[in-house]
Amino acid sequence: MSAHGELVEPCELCVQTFVTRVGLALLIAATLLPRSAAAHIGSPDVFLDGQAGPYHVLVTVRPPYAVPGVADVEIIVTSGDVKSVRIVPLPLTGPGAQFAPVSDTATRSSDDPRLFIGHLWMMTAGAWQVRVAIAGDRGEGTLSVPVPTLPQATLGMTFAIRGLLVGLMLLLCTGFIAIISAMVREARLAAGETPGIAARRRGRIAGVVAACLTIAVVVSGNWWWTAEATRYALYVYKPLQATPAVTPDGRLRIELHDPGWIASRVLDDFVTDHGHLMHLFVLSPALDRLWHLHPDEVTTGAFERRLPEMPAGDYALFADLVHKTGLSETVTGTLSTPAIKGAPLSGDDSAWAESTVRLPARRSVAHNDRSEGGKPDGASAVSPTENGGRIAWVRDAKPLVPKRLTMFTFRVEQANGQPATDLELYMGMPGHAVFVKRDRRVFAHVHPSGSAPMAAMEIAMPSRDAHAGHTAAIPSTVSFPYGFPEPGDYRIFVQVKRSGAVQTGVFDVSVG
């Protein structure tokens with residue numbers, strides 16, 4: 001009906017119906033565009049066990065899935081004299097790392113007074129840090145946590161939001177056309193005057209023009225939306241690609257290729273982490289064999305290492321690298337090889353095979369498993385090592401669940417169960433742990449200080465020795481802060497060094 005109560009002619013209804021259908025189709029096309037996705041192999045969350053001045057803290061940072069996005073930060077303090085915790089995001093390097101904006105105050109949890117929670121915006125992809133400032137009865141202290149922000153995908157719209165936007169667009173489009181048509185048809189009429197044939201014709205023409213304009217706007221908006229989605233798809237993280245091959249003389253050669261991501265990522269800026277540019281883990285499909293190797297860079301983006309003895313088969317490769325910007329990456333690949341006679345292991349390289357030790361019958365450790373002595377606490381699993389010793393997993397009865405920080409503590413023992421007294425630093429650390437999901441979708445190389453590489457820690461806090469506290473006598477227990485990113489069955493490899501030899505303990509666990 002018109003503004004004066006007159007019926008609108010069927011032709012005008014046809015125009016409005018046509019525009020409605022076209023608009024609906026265009027909006028559906030815009031909102032249902034396929035979303036790019038890229039899965040970064042490894043655990044996205046960052047865990048750190050460190051000191052902020054006099055305060056011992058455990059920090060968890062969950063980077064945003066899309067960038068710009070919000071990172072979740074959790075700080076656990078081990079003492080009760082902390083009054084406030086403030087957090088702020090900063091680039092890890094460059095001028096921005098020196099000039100901190102106003103920090104946010106982390107909120108103390110009402111359930112746990114030792115837990116502080118905060119949320120921070122990460123605005124660009126690359127290497128960032130979260131600076132934690134703590135104030136309490138013993139003064140103040142700061143700690144920086146390196147955080148790689150790697151946009152994983154474009155966030156998709158929910159069905160509810162799409163439906164809401166479709167409804168709003170239809171309302172705006174039909175309302176615009178109706179207003180223009182009525183304005184042109186009735187603007188010259190006196191009060192109470194009925195539109196004549198000429199006025200109705202002008203209204204129909206104006207409605208068609210308004211419909212065409214509306215369609216043009218919707219099409220242009222869809223084009224802009226597509227262009228922005230395409231541009232962001234290029235911004236989504238694309239891991240370095242690795243091409244592994246075995247040379248005729250038994251050397252593993254890994255050539256890295258950049259598929260194209262942010263311009264600041266290059267292949268000639270890797271820095272040493274624990275004395276090596278690359279930490280390579282070679283795993284068999286059944287996870288019954290592990291090699292921890294350290295290839296050398298022979299040319300830009302190409303690494304080589306003489307392989308040890310290996311049986312024929314297919315192997316998964318996980319290579320940890322750190323750029324000079326502090327950005328850490330895990331490069332993955334697969335290697336199919338015939339049997340290799342190989343060379344003896346040397347330097348910091350190590351190997352483990354399930355056939356060389358007698359592991360207990362394989363079962364996942366659940367939260368209610370008991371130790372060999374039948375007690376609910378204490379060592380819930382014991383793994384023999386190659387030298388006749390063993391490594392015991394010391395844990396409580398709490399269930400293992402995803403997305404929760406857990407301290408994984410292991411005790412290195414003699415064959416008779418007494419604590420080992422001959423431990424040495426292994427690449428500057430009391431130990432190294434590798435958490436691998438059975439389907440190999442999750443891989444994490446963790447140190448006693450956490451999941452952040454030491455090279456990135458040294459960039460974040462250059463005035464501190466990242467290995468401080470690791471030069472004294474090595475205790476028989478070593479702990480690793482970590483949280484499983486998703487449920488499933490995992491295998492944990494724990495590596496320590498005893499009397500010059502690397503020993504490996506292996507534990508299976510089910511995360512509910």
Side-chain angles (χ1 to χ4, degrees), residues 41-42 242 244-247 250-254 276 278-295 303-320 330-365 381-391 393 408 410 412 426-427 431-446 480 488-498 501-510:
I41 301 299
V246 179
T247 64
R251 299 180 68 85
L252 174 63
R253 181 178 176 87
I254 300 176
H276 301 281
M278 176 182 285
H279 291 262
L280 174 67
F281 296 87
V282 183
L283 290 165
S284 61
L287 304 184
D288 57 351
R289 289 182 177 272
L290 165 73
W291 288 269
H292 183 178
L293 309 176
H294 304 90
F303 293 78
E304 288 188 2
R305 189 67 173 176
R306 183 70 182 272
L307 287 172
E309 181 178 352
M310 296 179 66
D314 299 326
Y315 298 96
L317 308 182
F318 299 88
D320 287 341
T330 299
V331 182
T332 64
T334 57
L335 176 67
S336 297
T337 179
I340 298 175
K341 185 176 181 180
L345 294 169
S346 61
D348 292 323
D349 292 353
S350 60
W352 175 87
E354 191 167 318
S355 59
T356 62
V357 296
R358 191 174 69 177
L359 289 178
R362 193 185 124 191
R363 63 186 180 90
S364 293
V365 177
V382 176
S383 172
T385 58
E386 299 90 331
N387 66 340
R390 63 185 196 174
I391 298 178
W393 182 3
F408 291 84
F410 301 91
V412 185
Y426 181 31
M427 290 183 289
H432 296 252
V434 175
F435 296 78
V436 187
K437 197 177 180 186
R438 279 285 173 180
D439 58 11
R440 298 185 299 282
R441 290 181 54 196
V442 174
F443 171 90
H445 176 198
V446 183
F480 304 92
D489 294 329
Y490 290 79
R491 172 157 278 193
I492 306 172
F493 298 90
V494 179
Q495 293 192 311
V496 297
K497 195 171 187 179
R498 296 184 58 187
V502 177
Q503 307 296 322
T504 304
V506 179
F507 305 87
D508 291 314
V509 62
S510 180

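None of these values were measured; they are calculated from a predicted model. Only heavy atoms go into these numbers, but all of them, side chains included; no hydrogens, no water, no symmetry mates.
Atom CZ of R306 is separated from atom CZ of R251 by 7.5 Å, given to the nearest 0.5 angstrom. Of the inter-residue distances, the one linking M310 atom CE with L252 atom CG reads 8.0 Å to the nearest 0.5 angstrom. The line from CG of L290 to OH of Y315 is 12.0 Å long, rounded to the nearest 0.5 Å. For the atom pair L280 CG and L317 CG, the distance stands at 5.5 Å (nearest 0.5 Å). Here H292 contributes atom NE2 and L283 contributes atom CG; the two are 11.0 Å apart, rounded to the nearest 0.5 Å. Rounded to the nearest 0.5 Å, atoms CD1 (I492) and CZ (F410) are 5.0 Å apart.
For K437 against L287, the heavy-atom pair with the smallest separation is O-CD1, 4.2 Å. Annotation for T332 and A242: closest pair O-CB, 3.8 Å, computed over non-hydrogen atoms. Scanning all heavy atoms of the two residues, the minimum distance from I391 to G505 falls at CD1-N, 3.6 Å. Of all the heavy atoms in M278 and I254, the pair that sits closest is SD-CD1, 4.3 Å. Shortest non-hydrogen contact noted between D349 and H294 is OD1-ND1, 2.8 Å. The minimum heavy-atom distance between F318 and R440, with the atom names listed, is CZ-O, 4.0 Å.
In this structure, a donor-acceptor pair under 3.5 Å is present between the side chains of H445 and D320.
P308 is listed as a side-chain neighbour of L293, based on a closest heavy-atom distance under 4.5 Å. W291 places none of its side-chain heavy atoms less than 4.5 Å from the side chain of R305. Put simply, the side chain of E354 does not reach to within 4.5 Å of the side chain of V506, judged on heavy atoms.
Taking the six-membered ring for Trp, F493 and F281 have ring centres at least 6.0 Å apart. You'll find the ring centres of F408 and F435 inside the 6.0 Å limit.
The ring pair (Phe, Tyr, Trp, His ring centres under 6.0 Å) test applied to F303 returns no partner, not counting sequence neighbours. Residues passing the side-chain hydrogen bond (donor to acceptor under 3.5 Å, both in side chains) test with S284 are D288, sequence neighbours excluded. Under the side-chain hydrogen bond (donor to acceptor under 3.5 Å, both in side chains) criterion, S336 pairs with D314, sequence neighbours left out.
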Mind running side chain to side chain contact (heavy atoms under 4.5 Å, CB included) on V434 and F443 for me, showing each step along the way? CA-CA 7 Å; V434 175; F443 171 90; 3.5 Å; yes
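The closest donor-acceptor contact from the side chain of Y426 to the backbone of Q503 lies at 3.5 Å or more, if one exists at all.
A perpendicular orientation is assigned to the rings of F507 and W393, their planes being inclined by more than 60° (bins at 30° and 60°).
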